[in-house]
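Order of the sequence lines fixes the chain letters, A, B, ..., with proteins taken first and strands second; residue numbering starts at 1 for each chain.
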Amino acid sequence: MKIASVKGFHDVLPGETARWAWVEQRARDLFARYHFREVRIPIVEKTELFTRSIGDTTDIVEKEMYTFIDRDGTSLTLRPEGTAGVVRAYVEHALAQREPVSKLFYFGPMFRRERPQKGRLRQFHQVGVEVLGRDDPAIDAEVLMLLHDLLVELDVRRFSIEVNSLGDEQCRPAYREALRAFAEAQRTYLCANCQRRLERNPLRLLDCKVPSCAAIVAEAPTIEGFWCQACRDHFAQVRRMLDYAGVPYQVAPRIVRGLDYYVRTAFEVKAEGLGAQNAVGGGGRYDGLVRSLGGPDVAGIGFALGLERVLLALGTTVDERLEPPLEVFIAPLDREAELRVLAVAQRWRREGFKIELGSAHRSLKSQMRQADKCGAPFVFLVGEAELEAGAASVRDMLRKRDYGCAVSFEWTVSQVRAYLRSLAELAA
RNA sequence: GUGAGUGUAGCUCAACUGGCAGAGCACCGGACUGUGGCUCCGGGGGUUGAGGGUUCGAGCCCCUUCACUCACCCCA
């Protein structure tokens, strides 16, 4: 009986992994330019970390977490997102004491037990950044610039960044109440879902896609009218900086995030080619979070991108060019040759030569076919004659030429490379 | 959690109103002894997702079940 992978947990096979590596490398290069540094944190955390940070009435915490009881009775959870763990580590290791501002990034798998569909898996991967220790609008702008540049760098097709301010603990409660009161009056016209949202999380009414609800919501009061002076100023500054720097974005008064810890600046990225799940990323400011997790009262802001969705939204320019080409394929023709070739290849590989080895168990024909398929520009042939001469015969695959016993087994890699280069001129 | 669709070779898919389970690609081998792509020839591969039912006979019809996909919900 075959064992299949678990529902919503996917394999990434060779070929596809090159695209992943490409994305990660481009992201790393960009992060370095913005001077963000990598953190690696555990995949498993105490369940309480997520219930306290994400919010225990959110969908994630209520029904999507992979939670289990460890043998000592502790409740543990596979992380459903990255921010909580990063903040936990920040507090635990007192990073605030070491540096006034921490600019961090991470890559890794996240787990949410949802019904899988296009662009949505139970194990999915995110790249995220967090800035701890700055509450001024300039850092919001910088993070959004990084987000924008990252999307450009990764060649995400036709994306848009939507920005909003959710207010803070000063002004959001009043807005929440106003919205609830407004919706309450329309209750009978709302869909069943929205009626439920009304009690639990009125802000979520704003992103209902049911047309009748959307029509009602269009008439609803917007957060704008409720911002306190501080929030209003903050958001105005952020927008002014983005405008000045030429970062494109749209103000979207209706966006709300699915995690409770966001305050003030919040944003989402949408892109094409993703099916119904058109959000490739999102993030925002979470000023109270560090404190609520037992740390100092420092501000935080960050975002995360879903890598599977980024991959779905990539332009057509990405291909296998990332895989460095093979330099030589070595084909041994018998056991004796195989023995010799293994040792020679090892020496050359240690010097940085990129070599694939054929097997003497296979016919020369099939080794040649294999060499061709690997894209090897040269094949080194080793049989009886070559062993005797102490040198491999060379087949130039591109120019279809042969050179008998031409490359000595004693040569260094630079000698071999120099010789192979000279073949081009020889052929011309 | 809810709904719809689809399950046939490693992959993409055929197979008439129920009548011998096939093709292309991929893989392996061969076409003058130790030379690739192109062409030609050949080969291995399947419990038709699983279980039951109807029938002389089921890939096809009926029931059950499982898996996958898409969508709702929500989000990355």
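- The local environment of CZ in A/Arg417 is crowded, with over 12 non-hydrogen atoms from other residues, nucleotides or ligands closer than 6.0 Å.
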Per-residue pairing states of RNA chain B in dot-bracket (Watson-Crick or G-U under 3.5 Å; . unpaired, | other strand) read (((((((..((((.....[..)))).(((((.......))))).....(((((..]....))))))))))))....
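- Residues that satisfy the side-chain hydrogen bond (donor to acceptor under 3.5 Å, both in side chains) test with A/Thr47, not counting sequence neighbours, are A/Ser75, A/Thr77.
- Rounded to whole Å, the separation between the P atoms of B/G49 and B/A9 comes to 8 Å.
- Within the 4.0 angstrom heavy-atom criterion, base atoms lie near A/Gly119.
- Atom NZ of A/Lys103 and atom CZ of A/Phe31 lie 11.5 Å apart (nearest 0.5 Å).
- Crowding of A/Glu384 atom CD: a count of heavy atoms from other residues, nucleotides or ligands under 6.0 Å not exceeding 12.
- Atom P of nucleotide B/C27 and atom CZ of A/Arg362 are separated by 10 Å, given to the nearest angstrom.
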Contact state string [nucleotides 30-42 of chain B, B base, S sugar-phosphate only, - no protein heavy atom under 4.0 Å]: S---BBBB-----
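- As rounded to the nearest Å, B/U65 and B/A26 have P atoms that lie 42 Å from one another.
- Put simply, NE2 on A/His361 is 13 Å from P on B/G29, counting in whole angstrom units.
- As a whole-Å value, the separation of A/Leu307 CG from B/A76 P is 13 Å.
- A salt bridge links A/Glu38 with A/Arg40: the distance from a Lys NZ or Arg NE/NH1/NH2 to an Asp or Glu carboxylate oxygen falls below 4.0 Å.
- Exactly one of A/Glu45, A/Glu48, A/Glu130 qualifies for a salt bridge (Lys or Arg N to Asp or Glu O under 4.0 Å) with A/Arg88. That residue is A/Glu45.
- The pair A/Glu153-A/Arg33 meets the salt-bridge criterion, with a side-chain N (NZ, NE, NH1 or NH2) lying under 4.0 Å from an Asp/Glu carboxylate O.
- One can place CD of A/Glu308 at 13 Å from P of B/C70, the figure rounded to the nearest angstrom.
- Here the separation of B/U17 from B/A58, taken at their C1' atoms, is 14 Å to the nearest Å.
- Atom CZ in A/Arg122 sits about 16 Å away from atom C1' in B/A76, given to the nearest Å.
- Heavy atoms of A/Leu312 sit nowhere under 4.0 angstrom from any nucleic acid atom.
- Annotation: cation-pi pair A/Arg421/A/Tyr419 absent, no NZ/CZ under 6.0 Å from the ring centroid and within 45° of its normal.
- Both A/Glu81 and A/Lys63 lie near RNA chain B, and the one whose nearest nucleotide falls closer to the 5' end is A/Lys63.
- Nucleotides B/G24 and B/C72 are separated by 38 Å at their C1' atoms, to the nearest Å.
- Closest contact between the side chain of A/Gln117 and the listed nucleotides B/U69, B/C73, B/A76 involves B/C73.
- In this entry the distance linking CZ of A/Arg115 with P of B/G5 reads 14 Å, nearest Å.
- Taking the P atoms as reference points, B/U55 lies 28 Å from B/A15, given to the whole Å.
- Whole-Å rounding puts the A/Leu121 CG to B/C68 C1' distance at 13 Å.
- Nucleotides B/C60 and B/G18 are separated by 11 Å at their P atoms, to the nearest Å.
- A close approach under 4.0 Å does occur between a side-chain nitrogen or oxygen of A/His10 and OP1 or OP2 of B/U69.
- Taking 4.0 Å as the cut-off between side-chain N and carboxylate O, A/Arg399 and A/Asp396 count as a salt-bridged pair.
- The same atom, C1', is picked in B/G52 and in B/G5; the two are 24 Å apart, to the nearest Å.
- For the pair A/Leu13 CG and B/A26 P, the computed distance is 19 Å after rounding to whole Å.
- Note on A/Arg254 versus A/Glu162: no salt bridge recorded, every NZ/NE/NH1/NH2 to OD/OE distance being 4.0 Å or above.
- Taking for each of A/Gly306 and A/Arg113 the nucleotide of RNA chain B with the nearest heavy atom, the 5'-most of the two is the partner of A/Arg113.
- Nucleotides B/G44 and B/G30 are separated by 15 Å at their C1' atoms, to the nearest Å.
- One donor-acceptor pair, N or O on each side, does fall under 3.5 Å between the base of B/A76 and the side chain of A/Arg112.
- Centroid-to-centroid, the aromatic rings of A/His125 and A/Trp20 come within less than 6.0 Å.
- In this model, no side-chain donor or acceptor of A/Arg120 finds a partner on the base of B/C70 within 3.5 Å.
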